[in-house]
Each structure stands twice: as C-alpha cells, then as structure tokens.
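Quick note: numbers below take in every heavy atom, side chains included, and nothing from hydrogens, waters or symmetry partners.
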Amino acid sequence: MSRRVVVLTNPSKPDAVEARQIVERIVREHAELVASEDASLDGPPGAASDAEIAVVLGGDGTLLTQTRRLLDAGLTMLGINFGKLGFLAEFDVESFEKQAPAILDGGAITRTLGLLHVELVRNGSTAFAQEAINECVVTAGPPFRMIDLALRVDQGRGPVVSGDGMIVSSPIGSTAYTLSAGGPILAPDADAMAVTPIAPHSLSFRPFVVAGCSTVEIELLRINDDECGGGTTLVLDGQIPTRVQAGDRVRVSRSDKTIRSIRNPEADYWQTLIDKLNWALPPTPRGHGRNHDD
C-alpha cells in the first residue's frame with residue numbers, strides 16, 4: 001500500500017525552494033504525494049491531515065514549527081536540512097533520495113520522542129497549558145533586572161535562584177538553548193529533563209538532570225513588569241510567549257503526547273556534535289589544521 005506524503009517547504013530558504021521539485025519527484029516515485037505546501041502556513045493541518053508522513057524542507061526551526069502544527073494529526077516527521085545544524089532534520093536531498101525506497105515502502109527507522117507538558121498556574125487555576133518539544137524558559141525580560149525563582153522537584157523544596165531565568169529542557173532540546181546556557185547534553189532517547197539556570201547570581205548553582213517522570217515547578221517570586229509590553233515571560237520552544245505574574249507557578253512534566261520522526265541511518269547524533277559544534281575538539285594553533293598529531 002502506497003504511503004501518503006505531504007511536502008512542506010520553508011519559503012524563506014531559497015535552497016529549500018529550489019529543491020522542492022526534486023523532493024516531490026522522489027516522493028512520487030515511491031509514494032503518493034497528497035499535497036505540497038509552504039511551511040509558513042499557520043493553523044490546522046488542512047490537506048496535511050490526509051498524509052502519514054510529512055517531509056519538511058528547512059532547518060531544525062522549520063521542522064520544530066511544523067511538528068507542533070501537526071502534533072495532533074499524528075504524522076511521522078522527516079526533516080531535510082537547509083539550516084545550520086540538523087539535529088532534528090537529519091537528511092539532505094542526496095541521502096533522502098538514496099534511502100527513499102526503504103523509507104517510503106515501509107522500512108523507515110523511526111524514533112519516538114517525548115514532549116514536555118507545561119502548565120502555568122495562577123491563583124490555583126490553570127491559566128495556560130501547552131506542549132513543548134525542546135524546552136520551556138522563564139526569561140527575565142525588560143527592564144532586565146534579576147528575577148527570583150523558587151525551584152521544586154517532585155514537591156521537594158529546592159533553592160531560590162536569582163538571575164536571568166530558568167530553562168527546563170527535553171533530551172532533544174538539550175542541544176538548543178540549554179546548551180548555550182551551559183547545560184548538559186542528553187541523549188535524544190534519554191528519559192530525563194535538564195534544568196539549567198540562566199546567568200544565576202551564584203557560584204554554586206549548576207545545571208542538573210531529573211528523571212523523565214519528575215515534575216519541576218518554578219514559582220515566580222520576583223519578576224520584571226514592563227508597562228510597555230515586555231517583562232518576565234514564559235516561552236516555549238522560542239516560539240510561544242506568555243506573560244507571567246508574580247506568584248505564578250510553572251509546572252513542567254512529561255507529556256502524554258509523543259512525536260515520531262524518521263531517522264537517517266547514516267547520521268550519528270554524537271558525530272553531529274563533533275562536526276557542527278566542535279564538541280571536545282582541542283584548540284587549533286594558528287596556521288594549523290585540526291591534526292591531533294601536531
């Protein structure tokens with residue numbers, strides 16, 4: 001039975017737009033192309049809801065946006081990378097064409113990734129609830145004074161942290177904002193969450209990892225409240241902002257929802273860290289290449 005595929009292309013990336021027809025041709029050779037759309041579309045999935053697989057042309061950010069948009073449609077996601085890193089979008093056009101017969105004939109290697117469920121509690125009631133794929137962030141915001149956050153894990157009392165905010169990350173999101181803030185790298189299929197402070201006013205507060213079944217709660221004791229529309233904000237995946245108030249609590253736990261993605265069997269997560277982020281490479285003397293024998 002032919003697999004039903006939708007192709008979603010980021011129109012702001014010229015290389016992705018140029019490759020669209022090639023990808024469409026590859027899909028038609030091995031499956032049924034039900035639609036080809038711009039990945040800039042918002043709202044419900046539309047024609048994509050008739051597909052089984054979404055092939056997304058763009059970068060990790062494009063794949064993140066489309067995964068969120070199609071979350072309830074239950075599609076399996078495949079990313080063709082036209083961005084910088086490619087942790088989520090594991091394919092290029094050449095590797096997709098090479099592996100398309102196996103992928104589109106039912107032999108794809110898939111990975112199931114867990115999501116974070118983020119709940120904002122205000123005066124005892126849920127003011128906001130949403131899923132996060134990479135991370136949720138409480139960020140200080142204008143006028144950029146330090147904020148105070150009380151931390152709890154599984155109802156156990158934790159520290160009060162002063163600084164610029166806090167990040168709670170999924171494993172797949174550990175190479176995003178969390179990494180930039182000095183947090184740990186988690187294997188994509190680890191059952192865990194990483195908690196990373198942003199510029200803490202402390203010499204001893206370090207990022208830490210909790211079990212995936214844990215609940216992390218962040219109480220906002222002191223925040224920034226900017227009358228011009230800024231101020232302390234809860235942000236999911238760098239895409240969904242929600243203003244918060246003093247006394248609010250942000251609860252992060254494992255979501256009941258998951259996402260499925262198609263893996264590139266020729267791609268290696270740890271090698272990507274080395275190739276794209278120079279993980280653990282030694283300093284390179286001026287005028288020399290990366291030769292470990294130098």
Got T233 and V244 here, is their nearest side-chain heavy-atom distance under 4.5 Å?
no

Give a yes-or-no answer on whether the side chains of N264 and Q99 include a donor-acceptor pair shorter than 3.5 Å.
yes

Which is it for E217 and R157 under the salt bridge (Lys or Arg N to Asp or Glu O under 4.0 Å) test, yes or no, and what are the steps along the way?
CA-CA 10 Å; E217 183 176 278; R157 184 177 178 181; over 6 Å; no

Are side-chain heavy atoms of L220 and L149 found at a separation under 4.5 Å?
yes

Distance-only donor-acceptor check, side chains Q239 and T65, under 3.5 Å
yes

Are any of the side-chain heavy atoms of V138 and T232 separated by less than 4.5 Å?
yes

Would you indicate whether E18, at its atom CD, is surrounded by more than 12 heavy atoms from other residues, nucleotides or ligands within a distance under 6.0 Å?
no

Under the ring-ring contact (aromatic ring centres under 6.0 Å, His included) test, residues paired with F144 that sit two or more places apart
none

Do any side-chain atoms of residues 57-64 form donor-acceptor pairs under 3.5 angstrom with protein atoms, and if so which ones, sequence neighbours left out?
unit_1: D60; atom_1: OD1; unit_2: F87; atom_2: N; d: 3.4
unit_1: D60; atom_1: OD1; unit_2: L88; atom_2: N; d: 3.0
unit_1: D60; atom_1: OD1; unit_2: A89; atom_2: N; d: 2.9
unit_1: D60; atom_1: OD2; unit_2: G86; atom_2: N; d: 3.4
unit_1: D60; atom_1: OD2; unit_2: F87; atom_2: N; d: 3.0
unit_1: T62; atom_1: OG1; unit_2: N10; atom_2: ND2; d: 2.8
unit_1: T62; atom_1: OG1; unit_2: G59; atom_2: N; d: 3.4

Check R260 with E52, please: is the shortest side-chain N to carboxylate O separation under 4.0 Å?
no

Between the side chains of D275 and T272, is a donor N or O closer than 3.5 angstrom to an acceptor N or O?
no

Candidates K13, R69, R20 - the one meeting salt bridge (charged side-chain N to carboxylate O under 4.0 Å, His left out) with D38:
R20

Give the intermediate values and the outcome of salt bridge (Lys or Arg N to Asp or Glu O under 4.0 Å) for residues K98 and E266.
CA-CA 11 Å; K98 176 182 178 182; E266 296 181 352; 2.6 Å; yes

Does the side chain of I167 come within less than 4.5 Å of I198's, by heavy atoms?
yes

Side-chain touch V27/F96, heavy atoms, less than 4.5 angstrom:
yes

Check R254 with D191, please: is the shortest side-chain N to carboxylate O separation under 4.0 Å?
yes

Between D50 and R4, does any side-chain N to carboxylate O distance fall below 4.0 Å?
no

